[in-house]
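One structure below.
Numbering of ligands and ligand atoms starts at 1, following listing order. Keep in mind the model is a prediction, meaning the values are calculated, not measured.
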Amino acid sequence: MHARAVAATTTALLGAVALLLPASGALAHEVGDRRPGEFARPGVIAHRGASAYAPENTLAAVDGAARMGIAWVENDVQRTKDGTLVVIHDDTLRRTTDAEEVFPGRAPWKVRDFTAADIARLDAGSWFGPAYAGARVPTLEQYMRRVEHNHQKLLLEIKNPELYPGIERETLKLLGNEGWLDRRHVEGRLVVQSFSADSIGTVHALKPAVTTAFLGAPAPARLPAYAAFTDRINPSYASVSRDYVAAVHALTGPHGRPLEVFTWTVDDAPTALRASGDGVDGVITNRPDVVRGALRGW
Ligand code: G3P
Ligand code: CA
């Protein structure tokens, strides 16, 4: 076998083994687990949890990241018909649950057309593999409790906010109820992001202490406007260059710190190293073990 293929296979096996190890109470020190400016290596965030190894956005994917010693997880938050916040990426239930089988007459299976009780009946794990049969779409409340239990940190994405008027206030209310808006959490364990600048602006206006991130790559000339309400610019890795990262870093965000750049979704070592060389502050990845391994040697 080619040496690179062997390395890839070995990495995948190590990842799978890591998921089977018992979770430890305290997470090991991880690359990038630091306050801004403490050291240069990028942070690693498990995208939708350790989603290359467990069904995305489930508690199993959160636990998988914890077992790998990855503190930061990313998720996607939307809202049910009866107002419950749930963790799921697509605006329909089709791809990641068995909604078509359980509710055959309810096409197109939009998240917002189903109650929390409906969604609680769905299997959100079998599509990924039989070992995960019975995994559920977590409510945000369930999700926050698992992240807290695991001593993890959360990059929370408000997904499709245009479909859910008021979701920013509701998300912040739930975070507050769960104890995630105290100083300890907002200063080091929570970031709220969105592709919608309006949504991020709303979060900042409602709770100025919360660290926020805009998903996208605004033109450099437009970045100063973003710096009024967001602490990070999180672009696709295809949009990242050394010059772009420098343009972002040159600005000061709403908390008096230089703006940061966390790029997505990077799943291989060469791309992680390239992004790191471009100066990003963090890498959002489905394969946190692969990216951490690459960046440790950086
Ligand atoms: O965190 C970045 C990433 O989640 C943005 O894209 O579509 O995976 O939510 P998406
Ligand atoms: Ca996301």
Side-chain angles (χ1 to χ4, degrees), residues 30 32 42-59 61-62 64-65 70-79 85-97 110-112 124 127-128 137-138 140 143-144 147 152-164 167-168 171 175 189-200 203 210-218 226 230-240 244-245 248 259-268 271-272 275-276 278 280-288 290-292:
E30 60 169 323
V44 177
I45 298 183
H47 183 239
R48 310 181 195 172
S51 60
Y53 309 110
E56 64 183 58
N57 278 326
T58 63
L59 300 184
V62 171
I70 299 293
W72 280 97
V73 292
E74 189 259 8
N75 73 1
D76 302 284
V77 175
Q78 301 191 69
R79 191 171 69 203
L85 298 174
V86 289
V87 179
I88 187 167
H89 179 271
D90 297 0
D91 67 351
T92 80
L93 298 159
R94 288 182 70 175
R95 182 177 61 86
T96 57
T97 78
K110 294 273 186 190
V111 172
R112 65 178 174 178
W127 70 273
F128 188 86
V137 174
L140 181 59
Y143 191 97
M144 297 311 303
V147 172
Q152 288 171 291
K153 309 173 188 189
L154 178 61
L155 174 57
L156 183 156
E157 181 181 345
I158 299 178
K159 181 59 90 184
N160 304 317
E162 64 283 358
L163 299 178
Y164 311 107
I167 192 171
E168 297 84 6
T171 300
L175 290 171
R189 294 184 60 187
L190 176 69
V191 178
V192 177
Q193 67 174 356
S194 180
F195 283 102
S196 163
D198 285 347
S199 188
I200 289 310
V203 169
V210 171
T211 299
T212 59
F214 174 71
L215 281 162
Y226 285 80
T230 194
D231 301 274
R232 294 181 183 172
I233 299 293
N234 291 356
S236 157
Y237 74 87
S239 305
V240 170
Y244 189 76
V245 173
V248 175
L259 291 193
E260 295 186 307
V261 178
F262 279 60
T263 192
W264 46 274
T265 303
V266 175
D267 287 345
D268 64 274
T271 310
S276 182
D278 285 337
V280 303
D281 304 284
V283 176
I284 301 166
T285 172
N286 301 321
R287 299 181 184 277
V290 172
V291 169
R292 179 178 57 188

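Using modelled atom types and a 3.5 Å distance limit, the side chains of N160 and Q78 yield a donor-acceptor pair.
Residues satisfying the ring pair (Phe, Tyr, Trp, His ring centres under 6.0 Å) criterion with Y164, sequence neighbours excluded, are absent altogether. Here Y226 pairs with R222 under the side-chain hydrogen bond (donor to acceptor under 3.5 Å, both in side chains) rule; sequence neighbours left out. Partners of D267 under the salt bridge (charged side-chain N to carboxylate O under 4.0 Å, His left out) rule, at least two apart in sequence or in another chain, do not exist in this structure.
Just one of I200, N234, L215 meets the side chain to side chain contact (heavy atoms under 4.5 Å, CB included) condition when paired with F195; it is L215. Here the rule is side-chain hydrogen bond (donor to acceptor under 3.5 Å, both in side chains) with R48, and of E56, E157, E74 only E56 fits it.
Interface atoms of ligand 1 facing I284, defined by a heavy-atom separation under 4.0 Å, are 1 (O). Heavy-atom proximity to K159, at under 4.0 Å, picks out these atoms of ligand 1: 7 (O), 9 (O), 10 (P). The E74 neighbourhood of ligand 1 comprises atoms 1 (O), 2 (C), 3 (C), 4 (O), with distances under 4.0 Å to a heavy atom of that residue. Near F195, the atoms of ligand 1 lying under 4.0 angstrom from a non-hydrogen atom of the residue are 5 (C), 6 (O). Near E157, meaning under 4.0 Å from any of its heavy atoms, are these atoms of ligand 1: 4 (O), 5 (C), 9 (O). Under a 4.0 Å criterion applied to the non-hydrogen atoms of D76, ligand 1 contributes the atoms 9 (O).
Around atom CZ of R94, no more than 12 heavy atoms belonging to other residues, nucleotides or ligands sit under 6.0 Å away. No more than 12 heavy atoms of other residues, nucleotides or ligands shown are found within 6.0 angstrom of OH on Y237.
Using a 4.5 Å cut-off on side-chain heavy atoms (C-beta onward), T171 and V192 make no contact.
Minimum heavy-atom separation, I45 to F262: CD1-CD2, 3.5 Å. The two residues D231 and V210 come nearest to each other via the heavy atoms OD2-O, 4.0 Å. The minimum heavy-atom distance linking P161 with E168 is given by the pair CB-OE2, 3.7 Å.
Closest protein heavy atom to atom 3 (C) of ligand 1: H47 NE2, 3.3 Å. Looking only at protein heavy atoms, the nearest one to atom 7 (O) of ligand 1 is H89 NE2, 2.8 Å.
When non-hydrogen atoms are compared, ligand 1 lies under 4.0 Å from the side chain of L215 (C-beta onward) but not from its backbone. At a heavy-atom cutoff of 4.0 Å, ligand 1 is contacted by no atom of T265, backbone or side chain.
Judged by the shortest distance from any of its heavy atoms, F262 lies outside the 4.0 Å radius around the atoms of ligand 1.
Excluding waters, the protein N/O/S atoms found under 3.0 Å from the Ca ion (ligand 2) are E74 OE2, D76 OD1, E157 OE1.
Some N or O of R48 is nearer than 3.5 Å to an N or O of ligand 1, by distance alone. Where the criterion is an N or O separation shorter than 3.5 Å, residue side chain and backbone included, W264 fails it with respect to ligand 1.
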